[in-house]
Amino acid sequence: MYSLENKINQLFIVGFDGFDAKKVEYFNCLLEHGLGGVIFFTKNILSPSQFAENSAYIKENSLIPPFLSIDQEGGRVERTENIHGGKKYLSAKFAAQNGVDFVEKQTEALCDELLSFGINMNFAPVLDTNTNPKNPIIGERAYGDNPDDVIKFAQKVIEIHKKKGIIPVGKHFPGHGDTSVDSHIDMPKVDLSKEEMEKSHLKPFVYAINHGLDAVMAAHVYYTCYDDQPLPASLSANVLTKLLRQKLNFEGLILSDDMVMGAVCDKNPSVIYSQALKAGINVFLYRNSDEKLLNIIENIQKSAETDTILLSCIDKSFEKVLKLKRKYGLLQ
């Protein structure tokens, strides 16, 4: 039996500072209490052996086998620069310009490399259709400005990850491609109709979900067609439950984008985590291992002890985490 504290810890994938996870006090405290996973950034990766040793240490010291995750899209978002002395892979836009065969071969090589480091989850592919040429955050990270092109390339990426045993996470639902603000800095607003969203932005997500995508990352973006008040999709029951779960019949894992990003970090932490879980988030990304995160987890636990709806959401999310870990052989 797992405690409520263990279950809540399973709902977090966190980062840490430096090259040695063993030396990060707060991170190890989280590991002891059932942390769900870790996300590796460039600041954590020095060499192939060091990277693999950190992955092994985390795996060996986890209460439940962890998600060992990374943002390895290629190009602008590539975390192994210290190993390769720069970028090794092309970003989605430029990879796509070389054709499907090139995308397949690059993805095979990328996945094989991640496997050698012990990685079992990749926050890729980007399923956004980049319809705004001035988009400051997506741009070349998208496979194109046409949803059919995005589908053609992204689905190959998903299939190869799954074949290799790495969990692909499609992002950023319901589509970050029409934004003009970087959600790392502030909350973007997308002012499109539901019809426009379905025609251009939802289409790659719908296709991927219907073809076996197991995990989706929610955007910290406000969509006026789904919510009257400024609310990011990552906190929106209309987006996550009514649209993603009920209308699109998605049964997999819903992850938040990084909760330290500017679009959400100024909101009251004692409120938004419970709000996100009730809206439909199953797992939070949080790039730091710090005292603030320990307090957030403690506050969620205190709230759940008297809030039966929140407690039910935690239990359901915990079961979804375990189900996905079993599917990919992380957990027997």
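Heads up: numbering here begins at 1 and tracks the sequence.
Atom OH of Y2 is separated from atom CG of N9 by 13.0 Å, given to the nearest 0.5 angstrom. Here the CG-NZ distance, from D148 to K203, works out to 3.5 Å after rounding to the nearest 0.5 Å. Of the inter-residue distances, the one linking S270 atom OG with N295 atom CG reads 11.0 Å to the nearest 0.5 angstrom. Interatomic distance, D17 CG to K23 NZ, rounded to the nearest 0.5 Å: 14.0 Å. Atoms CG and CZ, from N98 and F153 in turn, are 9.0 Å apart once rounded to the nearest 0.5 Å. From D307, atom CG reaches atom SG of C313 across 8.0 Å, with rounding to the nearest 0.5 Å.
Across all their heavy atoms, D227 and S236 have their closest contact at OD2-OG, 2.6 Å. In terms of heavy-atom proximity, D128 sits nearest to G175 at OD1-CA, 3.5 Å. The nearest pair of heavy atoms linking P232 to V264 is CG-CG1, 3.9 Å.
Ion pairing between a basic and an acidic side chain is recognised when a charged N comes within 4.0 Å of a carboxylate O; E78 and K87 show no such pairing. Salt bridge annotation for D290-K292: absent, with no cationic side-chain nitrogen under 4.0 angstrom from a carboxylate oxygen. Between E319 and K323 no salt bridge is recorded (no basic side-chain N to carboxylate O distance below 4.0 Å). Electrostatic pairing of E108 and K163 counts as a salt bridge here, judged by a charged N lying under 4.0 Å from a carboxylate O. Note on E251 versus K320: no salt bridge recorded, every NZ/NE/NH1/NH2 to OD/OE distance being 4.0 Å or above.
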Given the rule in the side-chain hydrogen bond (donor to acceptor under 3.5 Å, both in side chains) test, do N6 and S3 qualify, once you have shown the distances and angles that lead to the verdict? CA-CA 5 Å; N6 296 153; S3 68; 3.1 Å; yes
Would F205 and F250 satisfy ring pair (Phe, Tyr, Trp, His ring centres under 6.0 Å), going step by step from the backbone distance to the final call? CA-CA 10 Å; F205 290 96; F250 180 64; 9.7 Å; no
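Taking 4.5 Å as the limit, every side-chain heavy atom of F284 sits out of range of all side-chain heavy atoms of V14. Between V100 and K152 the shortest side-chain heavy-atom distance falls below 4.5 Å. Counting only heavy atoms from C-beta outward, the side chains of L231 and Q275 approach each other to under 4.5 Å. By the 4.5 Å heavy-atom criterion applied to side chains, R141 and K171 are counted as neighbours.
Among N130, T129, T131, N132, the single residue meeting the side chain to side chain donor-acceptor pair (under 3.5 Å) criterion with D178 is T131. Each of L127, V221, I138 was checked for a side-chain contact (heavy atoms from CB on, under 4.5 Å) with H172, and the lone residue meeting it is I138. Remark: of the listed residues T107, I158, V169, I158 is the sole one forming a side-chain contact (heavy atoms from CB on, under 4.5 Å) with P125. The residue from I166, N120, D214 that alone fulfils the side-chain contact (heavy atoms from CB on, under 4.5 Å) condition with Y328 is D214.
Judged by distance alone, the side chain of D257 and the main-chain N or O of A218 form no donor-acceptor pair under 3.5 Å. Listed for the Y226 side chain is no donor-acceptor partner under 3.5 Å among the backbone atoms of K242. Side-chain atoms of S256 never come within 3.5 Å of backbone atoms of S234 as a donor-acceptor pair (strictly under, hydrogens ignored).
Summarising the local packing, CD of E305 is surrounded by more than 12 heavy atoms from other residues, nucleotides or ligands at distances under 6.0 Å.
For the residue pair S193 / E196, a side-chain donor-acceptor distance below 3.5 Å is found, with atom types taken as modelled.
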Expected list for residues 58-68: side-chain donor-acceptor pairs under 3.5 angstrom, two or more places apart:
unit_1: N61; atom_1: ND2; unit_2: Y57; atom_2: O; d: 2.8
unit_1: S62; atom_1: OG; unit_2: I58; atom_2: O; d: 2.6

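Remark: F16 engages F27 in a ring-ring contact (aromatic ring centres under 6.0 Å, His included) (not counting sequence neighbours).
Taking the six-membered ring where tryptophan is involved, the planes of Y207 and H211 are essentially parallel, since the angle between them stays under 30° and well short of 60°.
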